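Below is one structure; the comments refer to it alone.
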Amino acid sequence: MIIPLHLGALHPVEQALTLALAFGPFVVLGAVVLHRRRQDAAEDQRDR
């Protein structure tokens with residue numbers, strides 16, 4: 001039987017890295033979607 005060992009609290013740098021890895025891709029995706037929507041809106045405005 002394997003007993004999980006708790007290694008204690010994370011260092012603040014490790015906490016920041018964990019949060020960046022967990023939420024970073026979603027933030028980047030949101031920024032890309034926002035950027036493309038603005039480009040598309042500008043292109044539609046130019047076409048009119």
Side-chain angles (χ1 to χ4, degrees):
M1 178 165 86
I2 297 174
I3 300 172
L5 300 175
H6 191 291
L7 299 176
L10 292 176
H11 187 273
V13 173
E14 292 171 325
Q15 284 180 336
L17 182 60
T18 301
L19 288 173
L21 288 173
F23 297 109
F26 298 106
V27 172
V28 171
L29 178 62
V32 168
V33 168
L34 190 70
H35 180 69
R36 288 297 301 158
R37 283 186 179 176
R38 287 183 179 172
Q39 279 184 340
D40 291 344
E43 186 177 307
D44 287 347
Q45 195 75 328
R46 216 175 331 129
D47 289 343
R48 290 183 185 175

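For the numbers below, each heavy atom of this structure counts, side chains included, while hydrogens, waters and symmetry mates do not. What you are looking at is a predicted structure, and each value in this text was computed from that prediction instead of being measured.
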> Is the number of heavy atoms from other residues, nucleotides or ligands within 6.0 Å of CD (Gln45) greater than 12?
Replying inline: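 Atom CD in Gln45 is not packed in, count stays at 12 or less.
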> How long is the span from the CZ atom in Arg48 to the CG atom in Asp44, to the nearest 0.5 Å?
Replying inline: 6.0 Å
>> Looking at Arg36 and Asp40, is any side-chain nitrogen of the basic one under 4.0 Å from a carboxylate oxygen of the acidic one?
In response: yes
> Of the non-hydrogen atoms in Ala20 and Pro25, which two are nearest, and what is the gap between them?
Replying inline: O-CD, 3.9 Å
